[in-house]
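Comments concern the structure below.
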Amino acid sequence: MPLYSEKVMDHFQNPRNVGKLPDADGIGEVGNAKCGDIMRMYIKVDPATEVITDVKFNTFGCGSAIAASSMATEMIKGRTIQEALTLSNQAVAEALDGLPPQKMHCSVLAEEAVQAAVQDYYGRRGAPGGPEDAGGPMSQ
């Protein structure tokens, strides 16, 4: 049995939405000191609908971290901010057809990067509605 699923390998070898958004409405950066992975997520949001119209990421880390970042961007693009806040690390891992137990922290980082970008989006606007107002669990 291979250590990584075909989806993990695909998102690692062909990551989606890599890069920066120079005019991002929210930027979230998270890291894991233990493994050295760092993720930066950029979101562009339509203020009228709060739909994430574009999302990019830069990840410095292992293949699982890159794959989790890529999958998370695919999962939140076209969704509302509130929908993005409900993204859980388990959902990211499941969408990748699983991660080895020792790599689950990569899906946690992806979840946290999305939350941090949304928090930054709200912070830049001085508006309520951050993660504490999401109305649902961010991780299950």
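Residue numbers count from 1 along this sequence.
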| Taking all non-hydrogen atoms of both residues, which atom of G98 and which atom of S5 are closest, and how far apart? | O-OG, 4.2 Å
| field | Contacts of type side-chain hydrogen bond (donor to acceptor under 3.5 Å, both in side chains), residue T59, not counting sequence neighbours | value | S69
| query | V55 and V114: same hydrophobic cluster, using ILVMFWY side-chain contacts below 4.5 Å? | reply | yes
Using residues 71-81 as the side-chain source, report each donor-acceptor pair under 3.5 Å to any protein atom, sequence neighbours left out, with the distance given to one decimal.
from : atom 1 : to  : atom 2 : distance (Å)
T73  : OG1    : N17 : ND2    : 2.9
T73  : OG1    : S70 : O      : 2.7
E74  : OE2    : N17 : ND2    : 3.0
T80  : OG1    : E83 : N      : 3.0
T80  : OG1    : E83 : OE1    : 3.4

| field | Partner residues of V30 under the side-chain contact (heavy atoms from CB on, under 4.5 Å) criterion, sequence neighbours left out | value | M39, L109, E112, A113, A116
| note | Distance col, row E6:CD vs H11:NE2, nearest 0.5 angstrom, shows 12.0 Å
| side-chain contact (heavy atoms from CB on, under 4.5 Å) partners for Q102, two or more places apart | L3, P100
| Heavy-atom closest contact (F57 atom, R16 atom, distance) | CE2-O, 3.0 Å
| field | Euclidean distance, Y42 OH relative to K20 NZ, rounded to 0.5 Å | value | 5.0 Å
| field | Over all atoms of both residues, closest heavy-atom pair of A84 and I52 | value | CB-CD1, 3.7 Å
| Residues K103, D37: salt bridge by 4.0 Å N-O rule | no
| message | So which atom in A68 and which in C106 form the shortest heavy-atom distance, rounded to 0.1 Å? | response | CB-O, 3.6 Å
| query | Side-chain heavy atoms under 4.5 angstrom apart, residues restricted to Ile, Leu, Val, Met, Phe, Trp, Tyr: same cluster for I38 and L99? | reply | no
| What pairs with D23 under side-chain hydrogen bond (donor to acceptor under 3.5 Å, both in side chains), at least two apart in sequence or on another chain? | none
| task | State the OG-CE distance between S64 and M104, to the nearest 0.5 angstrom. | result | 10.5 Å
| remark: V18 and K56 have their tightest heavy-atom pair at O-CD, 3.8 Å
| Approximate separation, where rounding is to 0.5 Å, of F12 CZ and L96 CG | 13.0 Å
| In the single-linkage hydrophobic clustering (I, L, V, M, F, W, Y; side-chain heavy atoms under 4.5 Å), do L21 and I27 co-cluster? | yes
| According to the salt bridge (charged side-chain N to carboxylate O under 4.0 Å, His left out) rule, which pairs have a member within residues 114-123, sequence neighbours left out? | D120-R124
| Non-neighbouring partners of E29 that pass salt bridge (charged side-chain N to carboxylate O under 4.0 Å, His left out), sequence neighbours left out | R40
| Counterpart residues, side-chain hydrogen bond (donor to acceptor under 3.5 Å, both in side chains), relative to D54 (two or more places apart) | none
| request: With sequence neighbours left out, write down each residue that passes side-chain hydrogen bond (donor to acceptor under 3.5 Å, both in side chains) with D97, or none if nothing qualifies. | output: none
| query | Just by distance, do the side chain of T53 and the backbone of K44 share a donor-acceptor pair under 3.5 Å? | reply | yes
| request: Would you please name every residue forming a salt bridge (charged side-chain N to carboxylate O under 4.0 Å, His left out) with D46, sequence neighbours left out? | output: none
| said: Regarding E111 and Q115, do their side chains bring together a donor and an acceptor under 3.5 Å, going by distance alone? | reply: yes
| field | ILVMFWY cluster, Y122 and I43 together (side-chain gap under 4.5 Å) | value | yes
